[in-house]
Amino acid sequence: MTLRFQRLLIILISIIMILGAVLLILYNARENISYFYTPSELLESNIDKNKQVRIGGFVEKNTFIKVSAGSFKFRITDNIKSIDVTYNGILPDLFREGQGAVIEGNMIGQNSFKANNIFAKHDENYMPASIKDDLENKGYWNKNYK
Amino acid sequence: MRFLVNPNRFNNFSDIIIKPLTIIAGIFIITGLIFSLYLSPDDYQQGSTVRIMYIHVPSAWLSLMTYLIMTIYSIAALAFRTPFGFIINTAVAPIGAVFTLICIISGSLWGKPMWGTWWVWDARLTSVAVLFLVYLIIIFINLSFENRVVREKIAAIFILVGFVNLPIIKFSVDWWNTLHQPATISKLSKPSIDPSMMTPLIIMTFAFIFIGILVAILRVKTEIHNRKHNI
């Protein structure tokens, strides 16, 4: 083995070892790295209920109520479990029923949550607005696109 | 392909291609901007705001691509003692940093209207911020140390360490819950973007690649010149 391939081997092994070390750290810290819990993760885990947490899920259909200007109630769900949410503040443009959302706040009781911040989450699908109208007119619009 | 490792060949080759490349880059950026600003449709959810994607995504790809090139050249330079790799590292690090900065700024301008926040510390955004810091550190290493031989070796080793961040950026949206969306275009499945929006994205990506190569050629030539004359 020539000297240059010895050096190459040392470099490659070092990269792999650094990668391994970092991935081990990340794997063991994965719960803290995740930006939010899903409703079922939050309800099943034994997280301190007074702690500020974030929940990510979908705004459940037909649950959104505007209590007054700037005060809202809705349910957030991951299709397994859902949590009642109350929120005072401004909603992002993309926020609507059936849309993904991340809410920040804390639990106030067994199954209700007081939100301080709401972020809208959009998925990876991009489609011209005209095609969506077209699909809806023909009745082919699949709700899963949302 | 000797121009990829030999400074003199690189100079000769870049002298030949720089003019046609400038013209091609100009054509691509103009058609790309016309496509992304006028000819592409509004998104069904995001409306016109989706056009930020045509700047945001190419700059993100280019920031990763630049780092990958630096990694390959660092391995070659350290293992095979080809000094041209060190020249490339010094020359392209600021280019990668600028692409990362464009990506972060355009992303936060996109996040405010769509997510409702300029910035969150989720895995994708944080790992890209770390990439920007890594680029800055590489630039600072290249600016410090009187002794060039020491300085460029430290920079190359640091580039290899920072390479760990690349798979983290790529897979952050799959491994952890993030506010950032998962990848729209991945190799394994059909892209979930309409062809009418894919076209401007691809044209803009090539425009960014050509502009990146142009700036890189100028910076590499300057670096070769400086080293020849010990500036």
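Proteins get letters first, then strands, A, B, ... in listed order; numbering begins at 1 in each.
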Check whether A:Glu104 gets within reach of chain B through its side chain, its backbone, both or neither, counting any heavy atom under 4.5 Å.
neither
Looking at B:Met114 and A:Ala120, what are the two nearest heavy atoms and their distance?
O-CB, 3.4 Å
One pair to check against side chain to side chain contact (heavy atoms under 4.5 Å, CB included): B:Phe80 and A:Leu8. What are the steps and the verdict?
CA-CA 8 Å; B:Phe80 305 125; A:Leu8 182 64; 3.9 Å; yes
Is chain B contacted by the side chain of A:Ile11, its backbone, both, or neither, given a heavy-atom distance below 4.5 Å?
side chain
List the steps and the verdict of side chain to side chain contact (heavy atoms under 4.5 Å, CB included) for B:Gln181 and A:Asp123.
CA-CA 5 Å; B:Gln181 60 158 86; A:Asp123 59 17; 5.9 Å; no
Quick check on A:Ile90: does its CD1 atom have over 12 non-hydrogen neighbours (other residues, nucleotides or ligands) under 6.0 Å away?
no
Atom CZ of residue position B:Phe206 - does it have more than 12 heavy atoms of other residues, nucleotides or ligands inside 6.0 Å?
no
Determine whether more than 12 heavy atoms belonging to other residues, nucleotides or ligands lie under 6.0 Å from atom NZ of A:Lys81.
yes
Which of B:Asp122, B:Thr71, B:Val50, B:Thr49 touches chain A most, by non-hydrogen pairs under 4.5 Å:
B:Asp122
Between B:Gln46 and A:His122, do the side chains contain an N or O donor and an N or O acceptor separated by less than 3.5 Å?
yes
Taking all non-hydrogen atoms of both residues into account, name the closest pair between A:Arg7 and B:Leu78 and its distance.
NE-O, 3.4 Å
Are B:Leu160 and A:Ser14 close enough that some pair of their side-chain heavy atoms sits under 4.5 Å apart?
no
Test side chain to side chain contact (heavy atoms under 4.5 Å, CB included) on B:Ile75 and A:Ile15 and set out the steps.
CA-CA 10 Å; B:Ile75 295 175; A:Ile15 293 178; 4.0 Å; yes
CG of B:Leu179 to OH of A:Tyr35, rounded to nearest 0.5 Å, is 6.0 Å
Proximity breakdown for B:Ala76 and chain A, heavy-atom pairs closer than 4.5 Å:
neither
B:Phe35 atom CZ, over 12 foreign heavy atoms within 6.0 Å:
no
Quick check: closest heavy atoms across B:Asp194 and A:Met127, and the distance to 0.1 Å?
CB-CA, 4.3 Å
For the backbone of A:Pro128 and the side chain of B:Asp43, can you confirm whether one donor and one acceptor N or O come within less than 3.5 Å of each other?
no
Within the side chain of A:Ser34, is there an N or O that forms a donor-acceptor pair under 3.5 Å with the backbone of B:Trp176?
no
Quick check: do B:Asn177 and A:Tyr37 have side-chain heavy atoms less than 4.5 Å from each other?
no
Quick one: what part of B:Val120 sits under 4.5 Å from any heavy atom of chain A, side chain, backbone, both or neither?
both
Note: B:Gln45 and A:Gln99 closest approach over all heavy atoms is NE2-OE1, 2.8 Å
Taking every heavy atom of A:Asn125 against every heavy atom of B:Tyr44, the minimum-distance pair comes out as O-CE2, 4.0 Å
Pick from B:Gly111, B:Pro182, B:Ser196, B:Ala183: which one has the most heavy-atom pairs with chain A under 4.5 Å?
B:Pro182
Side-chain heavy-atom pair A:Ile18, B:Phe163 within 4.5 angstrom cut-off
no
So for B:Ile168, is it side chain, backbone, both, or neither that comes closer than 4.5 Å to the heavy atoms of chain A?
side chain
Measuring heavy-atom distances to chain A, does B:Met198 have an atom under 4.5 Å in its side chain, in its backbone, in both, or in neither?
neither
Just wondering, are more than 12 heavy atoms of other shown residues or ligands nearer than 6.0 Å to CZ in A:Arg4?
no
Under 4.5 Å, counting heavy-atom pairs only, tell me which of A:Leu91, A:Asp93, A:Ile33 racks up the most with chain B.
A:Ile33
Please state whether the rings of A:Tyr126 and B:Trp110 are parallel, tilted or perpendicular, taking 30° and 60° as the class boundaries.
tilted
The interface call for B:Pro195 against chain A, heavy-atom contacts under 4.5 Å, is neither
Inter-residue atom distance B:Phe171.CZ - A:Leu23.CG, 0.5 Å rounding
10.5 Å
